[in-house]
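The basis for the numbers below is simple: all heavy atoms, side chains too, and nothing from hydrogens, waters or symmetry mates. Here the structure is a predicted model, which means the values were calculated and not measured.
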Amino acid sequence: MAFNKRVKIKSLLESDFVGQEVTLMGWVRTKRSNKNVSFVALNDGSTINNYQVVADPNIIDEETLKRITTGACIKISGQIVASQGSGQNSEIAASSITILGEADPEKYPLQPKKHSLEFLREIAHLRMRTNTFGAVFRVRHALAYAVHKYFNDKGFFYIHTPIITASDTEGAGETFKVTTLDLKNPPLNEDGSINYKEDFFERETNLTVSGQLEGELAAMALAEIYTFGPTFRAENSNTTRHLAEFWMIEPEMAFYDAEDNQDLAEDFLQYVIGYALEHCKDDLAFLDKRATDEEQGKKADQRSEMGLLDRLRFVTENKFERITYTAAIDILRNSNPNKKKKFQYLIEEWGADLQSEHERFLVEKHFKKPVILTDYPKEIKAFYMRQNDDGKTVAAMDILFPGIGEIVGGSQREERMDRLTQRMDEMHIPQEEMWWYLDTRRFGATPHAGFGLGFERLVQFVTGMGNIRDVIAFPRTPGNAEF
RNA sequence: UCCUCCUUAGCUCAGUUGGUUAGAGCACAUGACUGUUAAUCAUGGGGUCCUAGGUUCAAGCCCUAGAGGGGGAGCCA
């Protein structure tokens with residue numbers, strides 16, 4: 001007989017099992033006992049809700065009851081009965097309990113109490129057993145599924161772009177080197193530089209910083225594609241919204257201009273957030289309450305006006321604000337914090353790069369909703385962005401969300417060969433290495449566009465978690481690759 | 001990488017102008033309790049006060065350096 005004949009708590013709570021004999025398996029959250037009866041709160045991961053196990057010491061032997069401690073994994077067989085207590089409708093009256101795995105209560109670090117996120121981060125191998133992280137990772141799953149569902153339903157194709165690549169042409173940051181060479185004794189050229197001809201790929205390689213360029217190649221054949229894969233950046237960033245290893249979603253579409261691109265990004269974000277609202281009600285209700293409790297500890301002026309659920313609904317129900325970089329500069333230049341010199345970096349003239357304090361002002365104070373900023377100066381954007389007719393700006397877009405800043409960065413791509421190569425020359429990007437990219441402009445070029453979305457930042461927004469390290473199971477950051 | 005704050009029991013934290021034996025809540029153990037909801041009540045065990053050096057009659061507290069962590073900034077998604 002197969003071992004796994006269990007009923008999940010999620011299904012137990014969704015329909016009426018009273019009178020049925022079932023088997024449950026899961027982890028003990030708490031046990032409450034007196035002389036006549038023991039109550040166990042059981043969680044099996046299928047839902048944030050626990051299920052009450054009632055153990056009668058006349059039926060379950062004392063030794064077994066003693067080994068049921070917080071964190072232990074147990075198997076319970078028994079009948080589902082209407083509960084005599086008030087906290088739940090039904091419960092299981094255990095006829096037998098098997099200890100699958102003990103958890104020494106003296107050593108098990110998780111207690112039925114509130115732990116700090118910093119402490120839980122140090123025990124990331126166990127933290128998924130908490131309500132908060134269980135909820136976060138169920139929501140993360142729902143969002144990942146919604147991403148695939150959205151694009152699939154729209155006729156996009158999922159492309160797997162390479163994780164090991166020889167190109168660092170996007171200039172999106174420092175890369176992790178990939179090599180099989182002996183680091184203590186690498187083969188050298190006559191001039192003393194490392195001879196990568198001896199390396200595994202016979203050239204210098206690194207982990208991908210973006211699948212965009214390969215995505216563009218696919219879009220020039222399949223028309224509408226997306227990637228959803230790991231991305232690696234060796235930047236020494238120590239913030240609540242940067243990881244060295246993160247997951248990025250990059251749609252790339254032929255026959256899309258800048259406006260089509262913005263429409264897609266907005267619709268996409270509203271869809272996946274709406275999907276989570278519909279399918280993660282219990283988890284989001286818990287996270288909403290959690291976020292509200294967190295807010296209590298903050299100063300009045302730091303608190304957000306809306307709760308988590310209100311914020312999510314607001315984003316799905318209201319159109320994003322769309323303004324050009326030029327218009328944003330005007331707003332910022334005339335803003336109170338700029339006039340009163342409250343900004344650390346004052347906005348004086350067109351062309352300045354926006355600092356996060358400026359982005360936050362626009363999103364959180366001025367518009368109070370997600371903002372799509374478009375048409376940036378070409379000097380502060382990448383070479384592949386399509387040049388506008390004004391000769392000064394490119395068809396870029398950044399989508400800014402409250403609390404987390406930039407969640408999407410994208411653009412219409414430069415499909416005109418002469419403009420593209422001219423810009424590459426200006427930015428000292430070698431064309432020889434990019435021959436394959438330029439071929440798409442040589443053969444059957446068409447207007448196209450795309451964007452990149454940081455998946456963890458999306459999960460942060462939907463779960464209300466303040467630190468990006470708390471929305472990925474095992475975060476990689478400078479100085480930390482544990483687990 | 002820069003700025004800033006923090007490090008005291010398994011966890012969360014208190015610890016006065018430097019002063020005798022370093023505290024609380026939770027957790028844990030034992031006992032009590034006829035159905036509990038992070039049960040309750042009683043009793044008990046539990047400390048490299050981050051590390052190294054220094055000042056002092058005396059350091060958890062002051063000084064110097066280091067380690068680890070948090071927040072902010074830059075870079076970006």
Side-chain angles (χ1 to χ4, degrees), chain A residues 28-41 49-58 66 69-71 81-88 91 93 103-123 130-131 170-174 209-212 230-250 265 298 302 343-345 353-357 359-360 380-382 398-401 404-410 451-461 466-470 472 477-480 482:
Chain A
V28 175
R29 287 294 176 77
T30 63
K31 182 180 69 172
R32 297 174 290 272
S33 300
N34 61 41
K35 198 187 284 178
N36 303 289
V37 64
S38 284
F39 301 95
V40 178
N49 299 298
N50 297 333
Y51 199 72
Q52 176 151 290
V53 178
V54 183
D56 183 337
N58 296 318
K66 213 172 171 182
T69 58
T70 299
V81 297
S83 179
Q84 297 173 35
S86 58
Q88 57 283 315
E91 61 198 19
D104 182 346
E106 285 285 350
K107 296 185 180 137
Y108 185 63
L110 292 173
Q111 305 150 25
K113 60 163 279 190
K114 193 170 155 57
H115 291 281
S116 70
L117 294 174
E118 292 79 10
F119 170 68
L120 292 171
R121 225 169 274 153
E122 289 170 15
I123 51 166
T130 63
N131 285 335
E170 209 215 344
E174 293 293 311
V209 292
S210 165
Q212 181 200 315
T231 308
F232 307 88
R233 297 195 182 166
E235 291 288 348
N236 192 7
S237 298
N238 283 291
T239 77
T240 54
R241 53 192 187 285
H242 286 87
L243 292 165
E245 176 184 284
F246 64 100
W247 289 70
M248 188 154 64
I249 296 148
E250 294 179 289
K298 292 186 187 168
Q302 305 255 325
F343 282 143
Q344 201 180 340
Y345 297 89
D353 211 347
L354 299 182
Q355 307 294 318
S356 59
E357 60 181 342
E359 296 179 351
R360 292 185 72 127
I380 59 176
K381 288 293 180 183
D398 282 359
I399 302 185
L400 310 177
F401 264 35
I404 48 181
E406 186 177 345
I407 194 167
V408 162
F451 60 85
L453 176 134
F455 184 58
E456 282 76 14
R457 290 190 181 172
L458 175 66
V459 182
Q460 264 190 288
F461 181 74
N467 193 318
I468 201 165
R469 293 163 200 156
D470 296 330
I472 188 167
T477 52
N480 194 348
E482 188 70 283

**OP:** Sequence neighbours left out, what passes side-chain contact (heavy atoms from CB on, under 4.5 Å) with Glu118(A)? Give chain and number order.
**Re:** Ser116(A), Arg121(A)
Pick base, sugar-phosphate or nothing for [X], based on heavy-atom distances below 4.0 Å to the nucleic acid.
| X | answer |
| --- | --- |
| His115(A) | sugar-phosphate |
| Gln344(A) | nothing |
| Leu243(A) | base |
| Ser38(A) | nothing |
| Gln52(A) | base |

Check whether any side-chain N or O of [X] sits under 4.0 Å from OP1 or OP2 of [N], and answer yes or no.
| X | N | answer |
| --- | --- | --- |
| Arg469(A) | G70(B) | yes |
| Arg32(A) | U36(B) | no |
| Ser83(A) | G35(B) | no |
| Thr239(A) | G74(B) | no |
| Ser237(A) | C75(B) | no |

Counterpart residues, salt bridge (charged side-chain N to carboxylate O under 4.0 Å, His left out), relative to [X] (two or more places apart):
| X | answer |
| --- | --- |
| Lys107(A) | Asp104(A) |
| Arg469(A) | none |
| Lys381(A) | Asp398(A) |
| Glu456(A) | Arg140(A) |

Minimum-distance nucleotide to [X] side chain [options: [options]]:
| X | options | answer |
| --- | --- | --- |
| Arg241(A) | U36(B), G71(B), C75(B) | C75(B) |
| Gln84(A) | G74(B), G69(B), G35(B) | G35(B) |
| Glu91(A) | G35(B), A39(B), C11(B) | G35(B) |
| Val37(A) | A39(B), G71(B), G35(B) | G35(B) |

**OP:** Let me know, please, whether Phe39(A) or Pro109(A) comes out on the 5' side of the other along RNA chain B by nearest nucleotide.
**Re:** Pro109(A)
Subject >> First of Lys31(A) and Asn467(A) reached from the 5' end of RNA chain B, by closest nucleotide >> reply: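 With Lys31(A) and Asn467(A) compared, the 5'-side residue is Lys31(A).
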Subject >> Thr69(A) side chain reached by Val28(A) side chain, heavy atoms, under 4.5 Å >> reply: no
**OP:** Could you tell me whether the side chains of Thr231(A) and Glu245(A) share a donor-acceptor contact shorter than 3.5 Å?
**Re:** no
**OP:** Identify the two heavy atoms, one from Ser210(A) and one from Glu250(A), that lie closest to each other, and give their separation to 0.1 Å.
**Re:** OG-OE2, 2.9 Å
**OP:** Go ahead and write out RNA chain B as dot-bracket, 5' to 3': ( ) for pairs within the strand, [ ] for ones crossing earlier pairs, | when the partner sits on another strand, dots for unpaired; Watson-Crick or G-U wobble, both distances under 3.5 Å.
**Re:** (((((((..((((.....[...)))).(((((.......))))).....(((((..]....))))))))))))....
Work out how far the [atom1] atom of [N] is from that of [M], and round it to whole angstrom.
| N | M | atom1 | result |
| --- | --- | --- | --- |
| C61(B) | C3(B) | C1' | 26 Å |
| A38(B) | C26(B) | P | 15 Å |
| C49(B) | G31(B) | P | 34 Å |

Got a list of protein N/O to nucleotides 27-32 of chain B N/O distances below 3.5 Å?
unit_1, atom_1, unit_2, atom_2, d
C28(B), O2', Glu106(A), OE2, 2.1

Original post:
Can you name the residues that form a side chain to side chain donor-acceptor pair (under 3.5 Å) with Ser33(A), not counting sequence neighbours?
Top reply: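 With sequence neighbours excluded, Ser33(A) shows a side chain to side chain donor-acceptor pair (under 3.5 Å) to Ser38(A), given in chain and number order.
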**OP:** List for me each residue that meets side chain to side chain donor-acceptor pair (under 3.5 Å) alongside Ser237(A), sequence neighbours excluded, and say none if there are none.
**Re:**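 Checked Ser237(A) against side chain to side chain donor-acceptor pair (under 3.5 Å); zero matches.
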Subject >> Side-chain-base donor-acceptor pair under 3.5 Å for Asn238(A) and U1(B) >> reply: yes
